[in-house]
Amino acid sequence: MTLRIEVCKEEVAVTTETAPEASRSTSTTTLSEEEIDALPDDPEELAEALSAMAGPGGATFFMNGFSGGRLPNRDEIRSIRFRQNNYAADNHDAGRSQIEIITRPNTNWGGNLNTNFGGDTFTGRQPHQPDETPSQERTVQFGVRGPVVAGKTSFNFNVNGNRRYNSNPIIALDESGNRRTDSARSTNDQTGFTLGLEHSLTGNQSIYVNFQRSENEGLNQGVGGFNVPERASTRLNDSNQLRFRLQGVIGGSMLNEVRLQVNRNGNEQFSLSGAPTIVVQDTFTSGGAGVSSNSTTDRFELADNFDFNIGTRHQMRVGFLLEGARFTNFDERNKAGTWTYRTLEDFRADLPQQFSQRIGTIDTEFTQYQAGFYWSDEFRLHRDFTLGMGVRNEMQSRIGDRLNLMPRFGFTWAPFGSQRSAIRGGYGLFHDWYESSLYDQTLRVNGISVRDVRVTCGEFNNFCDRFDVNDPASAALAIPSGRVQAHPDLQMPQVHQASISYDRQISSNMTVQTSYQMLRGRNQMRSRNINAPGPDPDGDGPLRGLRPNPQ
């Protein structure tokens with residue numbers, strides 16, 4: 001006959017003895033329910049608080065197995081666990097703690113509503129301003145979760161919004177030399193929502209689907225100080241994220257998990273005015289902001305983890321990670337040029353110090369892929385000694401070497417059967433990715449697409465007035481364009497990590513840990529000026545500033 005498994009059942013056994021610290025196989029810290037309740041409600045503030053708790057070196061967030069993305073509201077979190085000195089083969093980052101967040105199952109109805117309002121009632125007046133500069137912030141978060149079909153399907157839905165503005169005082173002088181005492185209001189609006197669905201396909205298989213969208217709009221940006229209101233710019237960005245997970249038990253003792261994550265991010269920035277920029281040093285900056293850019297990034301991440309046991313002592317995991325991205329970038333900054341004057345008197349007399357302008361447009365598009373394959377085994381040699389070992393291999397589409405093996409070792413030892421002490425240590429080799437932003441520089445700064453013109457007027461004050469980038473006489477005073485190129489035999493950077501720690505449980509509610517960690521980089525990415533000025537080509541003379549390639 002077929003026996004039906006209960007949907008959810010919790011059993012708590014309370015004893016007078018605490019669980020031995022040495023029984024843990026990795027250096028982990030799990031927050032209690034009271035500690036989670038003390039954390040901030042806002043997801044962004046929650047991320048900052050958890051990063052601070054993780055300590056130096058930074059942290060990588062994982063929510064229900066997925067990396068990155070916006071964190072859930074605090075009341076949706078079931079558990080938070082910090083993993084440090086992690087030498088598991090499925091880990092890519094060296095020297096960084098892992099913060100694993102598991103959300104609550106939506107078996108019961110629940111929800112939350114949080115609002116926040118901040119005004120300028122108690123805000124002091126700026127010393128150089130006759131009146132108070134207004135500011136305001138309003139935040140609202142709403143969420144609901146619960147079952148659609150009891151024991152079968154459940155959902156969660158969250159909406160958040162943030163509206164804020166502040167007034168940046170302007171301390172510039174006008175063209176007549178009179179001090180300005182006005183201010184410019186800058187606004188930032190953010191909205192977003194999250195919709196999640198959990199469904200049990202069978203008694204052993206379940207799927208999880210989550211969709212997130214957020215939009216941000218910043219108006220009147222970059223104004224204040226010496227920047228007058230006409231220098232304003234607008235910043236827009238949006239993000240869409242879809243997550244899918246299929247998890248199932250195979251054969252009663254093996255677990256397989258497939259994860260797919262797709263992201264699309266867009267960013268746009270443009271100036272309020274298209275006029276040339278006028279910079280009068282320590283006086284005012286007027287004209288256009290000189291910014292015009294638009295970029296889009298499409299990413300996907302596909303991962304599979306297969307967990308199984310061999311006998312009673314081996315807990316193994318094999319899996320892979322495949323990531324791909326498509327980048328498009330458009331940039332047309334300083335198109336109208338920038339005039340710089342030393343003083344207000346020079347501006348009135350039309351005696352510029354310098355003129356700069358970017359000729360051309362950056363318009364790039366490329367794709368990049370990277371993958372990792374791993375195997376790990378946690379082997380309990382003795383009830384007081386556990387050994388972890390594994391190996392990982394990573395490769396990238398722009399790196400010629402496809403064999404980049406990374407061995408990992410870790411151990412946990414309860415010395416002489418101690419129930420209150422544990423010694424942990426390990427060593428691992430990690431590789432860093434060849435970042436897409438570095439490759440993008442080789443496309444942007446290629447010496448062809450754009451040309452940065454910079455003319456120091458000096459004694460040629462009237463020359464700036466008749467400057468023409470297409471005129472040979474004008475071009476002779478322009479600085480040659482630069483170029484960034486990648487080495488033809490790039491290799492992935494390496495990081496060696498080793499650590500050892502000693503834990504001692506002093507009482508039921510106090511544990512002391514001391515640890516040492518070493519990180520050492522090899523084959524790190526660096527930039528070299530291969531066109532630096534050389535010596536006098538005629539022989540023994542001093543440096544003359546001549547470059548091997550004068551172009």
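Heavy-atom basis, side chains included; hydrogens, waters and symmetry copies ignored.
The shortest non-hydrogen separation linking Ile101 to Phe61 is CD1-CD2, 4.3 Å. Residues Ile99 and Ala59 come closest through the heavy atom pair CD1-CB, 3.7 Å. Heavy-atom minimum distance, Leu197 versus Phe155: CD1-CB, 4.3 Å. Scanning all heavy atoms of the two residues, the minimum distance from Pro72 to Ile77 falls at CG-CG1, 3.9 Å. The minimum heavy-atom distance linking Asn446 with Ile448 is given by the pair OD1-N, 2.9 Å.
Side-chain contact check for Asn529 versus Arg547: some heavy-atom pair is nearer than 4.5 Å. Contact check for Glu215 versus Asn237: no side-chain heavy atoms found under the 4.5 Å cut-off. Side-chain contact between Leu201 and Ser206 is absent, with no heavy atoms from C-beta onward closer than 4.5 Å. Residues Leu490 and Tyr434 form a side-chain contact, since some pair of their non-hydrogen atoms from C-beta on lies under 4.5 Å apart. The closest side-chain heavy-atom distance from Tyr502 to Ser515 is not below 4.5 Å. Counting heavy atoms from C-beta outward, Gln247 and Val258 have side chains that stay 4.5 Å or more apart. Looking at heavy atoms from C-beta onward, Arg424 lies out of side-chain contact with Phe411 at the 4.5 angstrom threshold. Side-chain contact between Val140 and Asn114: absent, with no pair of heavy atoms (C-beta onward) separated by less than 4.5 Å.
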ask   = Stepwise, does the side chain to side chain donor-acceptor pair (under 3.5 Å) test hold for Ser186 with Asn220?
value = CA-CA 5 Å; Ser186 300; Asn220 222 26; 4.8 Å; no

Item to complete: Take His92 and Trp433 through the test ring-ring contact (aromatic ring centres under 6.0 Å, His included) and record every step on the way to the result.
Response: CA-CA 9 Å; His92 167 76; Trp433 300 123; 4.7 Å; yes

ask   = Is there a side chain to side chain contact (heavy atoms under 4.5 Å, CB included) between Thr153 and Glu198 once you walk through the steps?
value = CA-CA 6 Å; Thr153 308; Glu198 297 180 57; over 6 Å; no

Derivation and outcome, side chain to side chain contact (heavy atoms under 4.5 Å, CB included), residues Met406 and Tyr374:
CA-CA 9 Å; Met406 294 168 282; Tyr374 44 86; over 6 Å; no

Residues Thr234, Glu268; criterion side chain to side chain contact (heavy atoms under 4.5 Å, CB included); working and verdict: CA-CA 8 Å; Thr234 298; Glu268 183 179 3; over 6 Å; no

* Steps toward side chain to side chain donor-acceptor pair (under 3.5 Å) verdict (Arg164, Asn188) -> CA-CA 6 Å; Arg164 67 179 184 273; Asn188 288 274; 4.6 Å; no

*Given the rule in the side chain to side chain donor-acceptor pair (under 3.5 Å) test, do Ser376 and Tyr87 qualify, once you have shown the distances and angles that lead to the verdict?*
CA-CA 10 Å; Ser376 63; Tyr87 296 100; over 6 Å; no

- Test side chain to side chain contact (heavy atoms under 4.5 Å, CB included) on Phe373 and Met395 and set out the steps. CA-CA 9 Å; Phe373 305 88; Met395 59 186 70; 4.1 Å; yes

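The existence of a salt bridge linking Glu301 and Arg299 is excluded, since no basic side-chain nitrogen approaches an acidic carboxylate oxygen closer than 4.0 Å. A salt bridge links Glu365 with Arg326: at least one charged nitrogen is closer than 4.0 Å to a carboxylate oxygen. Classification of Arg392 and Glu394 as a salt-bridged pair holds, one side-chain N sitting under 4.0 Å from a carboxylate O.
Checking Arg483 against Gln485 by side-chain atom types alone, a donor-acceptor pair falls below 3.5 Å. The closest side-chain donor-acceptor pair between Arg235 and Gln269, if any, does not fall under 3.5 angstrom. Donor-acceptor pairing under 3.5 Å is lacking for the side chains of Gln141 and Asn160. Using a 3.5 Å distance cut-off with no hydrogens or angles, the side chains of Gln241 and Asn263 do pair a donor with an acceptor. For the residue pair Gln524/Arg526, the side-chain donor-acceptor check at 3.5 Å is not satisfied. Side-chain contact check for Gln98 and Asn91: at least one donor-acceptor pair (N or O, by modelled atom type) lies under 3.5 Å. For the residue pair Asn162 and Thr139, a side-chain donor N or O sits within less than 3.5 Å of a side-chain acceptor on the partner. Donor-acceptor pairing under 3.5 Å is lacking for the side chains of Asn265 and Thr297. Defined by atom type and a distance below 3.5 Å, a donor-acceptor pair is missing between the side-chain atoms of Ser397 and Gln368. Tyr427 and His496 are linked by a side-chain donor-acceptor pair at a separation below 3.5 angstrom, with hydrogens and angles left out of the test.
Between atom CG of residue Leu255 and atom CG of residue Asn305 there is a gap of 9.0 Å, rounded to the nearest 0.5 Å.
Residue Asp304 is tested with Leu246, Leu322, Asn256 for a side chain to side chain contact (heavy atoms under 4.5 Å, CB included); the sole match is Asn256.
For Phe366 and Phe327, the ring centers sit closer than 6.0 Å to each other. Proximity of the aromatic rings of Phe308 and Phe306 is defined here by a centroid distance below 6.0 angstrom, and this criterion is met.
At least one donor-acceptor pair closer than 3.5 Å links the side chain of Arg74 to the backbone N or O of Leu39. Lys335 places no side-chain N or O within 3.5 Å of a backbone atom of Gly290 that could act as its donor or acceptor partner. Between the side chain of Gln221 and the main chain of Leu219, a donor-acceptor pair closer than 3.5 Å is present. When atom types are taken as modelled, the side chain of His431 and the backbone of Pro493 share a donor-acceptor pair closer than 3.5 angstrom. Under the 3.5 Å distance criterion, the side-chain polar atoms of Arg245 are matched with a main-chain donor or acceptor of Asn64. Between the side chain of Asn216 and the backbone N or O of Thr191, no donor-acceptor pair lies under 3.5 Å. Side chain of Thr277 to main chain of Gly288: a donor-acceptor pair is present (N/O by atom type, distance under 3.5 Å, no hydrogens or angles). A donor-acceptor pair under 3.5 Å is formed between the side chain of Asn393 and the backbone N or O of Asn404. At least one donor-acceptor pair closer than 3.5 Å links the side chain of Ser271 to the backbone N or O of Val291. The main-chain N or O of Ser32 is found under 3.5 Å from a side-chain atom of Glu35 such that the two form a donor-acceptor pair.
A tilted orientation is assigned to the rings of Phe193 and Phe211, their planes being inclined by 30° to 60°.
Judged by a 6.0 Å distance limit and a 45° cone about the ring axis, Arg398 is not positioned over the six-membered ring of Tyr369.
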